[in-house]
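Here is the structure we will look at.
A quick note: this is a predicted structure, and the numbers were derived from the prediction, not measured. For ligands, and for the atoms within them, numbers begin at 1 and follow the listed sequence. Hydrogens, waters and symmetry mates are skipped; everything else that's a heavy atom, side chains included, is used.
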Amino acid sequence: MRTRRVIRLAIGAVLVAALVSGCSGVPKVPGTSSTDSPTKRLAPTEVREYKGKRLDSVDDFRENSIKGPQTVDIKAYRLKVLGEVSKPLTLTYDQVNDRTQYEKLVRLNCVEGWSVDILWKGVLLSDLLDQAGYDKSAKVVIFRCKDGYSTSLPLDFVVDNKILLASKMNGVDLPKERGFPFQVVAEDKWGYKWAKWVTSIEVSNDASFEGYWEKRGYDNSGDLPKK
Ligand SMILES: Nc1nc2c(c(=O)[nH]1)N[C@H]1C(S)=C(S)[C@@H](COP(=O)(O)O)O[C@H]1N2
Ligand SMILES: [Mo]
């Protein structure tokens with residue numbers, strides 16, 4: 001993570017320098033036009049303000065996933081809900097989304113020191129767990145992802161806090177870099193708890209399960225420092 005961070009910092013510094021020089025009235029080099037400057041993709045309907053609060057863009061993030069952006073073929077995609085459940089589920093993308101949708105403005109904080117405020121929309125993990133007939137005395141929910149990533153959250157935390165499985169951010173489908181088709185919105189937890197490209201949700205009694213970063217020394221509760 002360290003080398004990548006240095007690279008990102010370097011890129012950031014160059015971008016800031018470019019911005020500063022662009023704003024300080026430095027004359028444009030003849031022959032260059034605005035079309036030469038880098039264009040930032042903005043999905044046409046992306047929402048950038050919510051209840052008076054400025055939102056970050058779907059493009060404001062550092063791509064630091066363990067294997068880079070994953071491509072999910074949505075026709076072939078299935079989400080499994082399994083483990084301590086009476087009715088294991090295998091759901092298509094539409095079947096996951098075909099239930100009450102919820103919206104929440106939540107900040108994602110990465111341990112590397114950046115954060116983004118995003119308006120998330122998706123279904124409640126607890127609604128999926130209910131449909132699967134989950135064992136209410138189980139301990140944790142384990143998320144597994146297309147890139148081999150995994151992480152877990154306490155079952156009570158997921159249910160009591162109405163944790164979302166988001167399919168949209170700022171009103172647009174999650175871009176593939178951000179976890180299309182689904183990312184867990186693990187509010188109040190560090191970013192490494194926010195599983196992207198989720199393919200299975202396992203209800204488990206293994207309270208000591210450790211996910212990818214947790215195995216490498218990150219705190220298993222993943223709690224953000226108290227405000
Ligand atoms: N499948 C998968 N999910 C993942 C990761 C990953 O590498 N693979 N990285 C985590 C980390 S460390 C962070 S900070 C967030 C970043 O989410 P974002 O790309 O939506 O900003 O995704 C989390 N979820
Ligand atoms: Mo992170």
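In plain terms, the two heavy atoms of Val72 and Pro181 that are nearest each other are CG1-CD, 3.8 Å. Here the closest non-hydrogen pair linking Val158 and Val141 is CG2-CG2, 4.2 Å.
The distance criterion of under 3.5 Å between nitrogen or oxygen atoms is met by Trp194 with respect to ligand 1. Checked against a 3.5 angstrom limit, the closest N/O atoms of Arg178 and ligand 1 fall inside it. The shortest N or O to N or O distance between Trp213 and ligand 1 is not under 3.5 Å. For Tyr149, no nitrogen or oxygen atom sits less than 3.5 Å from a nitrogen or oxygen atom of ligand 1, counting backbone and side chain alike.
In Val111, neither the side chain nor the backbone holds a heavy atom less than 4.0 Å from any atom of ligand 1. Contacts between Cys145 and ligand 1, counted as non-hydrogen atom pairs separated by less than 4.0 Å, involve the side chain only. When heavy-atom distances to ligand 1 are checked against a 4.0 Å cut-off, Glu63 has no atom that comes that close, whether in backbone or side chain.
Heavy-atom contacts of Trp197 reach the following atoms of ligand 1: 1 (N), 2 (C), 8 (N) (cutoff under 4.0 Å). The atoms of ligand 1 that sit less than 4.0 Å from any heavy atom of Leu108 are 17 (O), 20 (O), 21 (O).
Of the options Thr151, Ile66, Asp147, the smallest heavy-atom separation from atom 2 (C) of ligand 1 is shown by Asp147. One option in Glu112, Met169, Lys196, Arg62 has a heavy atom closer to atom 19 (O) of ligand 1 than any other, and that option is Lys196.
Of the candidates Lys51, Lys104, Lys53, Asp117 forms a salt bridge (charged side-chain N to carboxylate O under 4.0 Å, His left out) with just one, namely Lys53.
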Pair Asp56-Arg54, salt bridge (charged side-chain N to carboxylate O under 4.0 Å, His left out): steps then yes or no
CA-CA 7 Å; Asp56 291 303; Arg54 200 188 74 84; 3.0 Å; yes
Do Asp127 and Arg99 pass the salt bridge (charged side-chain N to carboxylate O under 4.0 Å, His left out) test, and can you show the C-alpha distance, the side-chain angles, and the key distance before you say yes or no?
CA-CA 8 Å; Asp127 284 349; Arg99 66 196 72 228; over 6 Å; no
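A donor-acceptor contact closer than 3.5 angstrom links the side chains of Lys176 and Thr71.
Residue contact annotation: Trp114 has a non-hydrogen atom under 4.0 Å from ligand 1.
Cation-pi contact between Lys139 and Phe209: absent, since separation from the ring centre below 6.0 Å together with deviation from the ring axis within 45° is not met.
Checked against a 6.0 Å centroid threshold, the rings of Tyr149 and Tyr212 count as neighbours.
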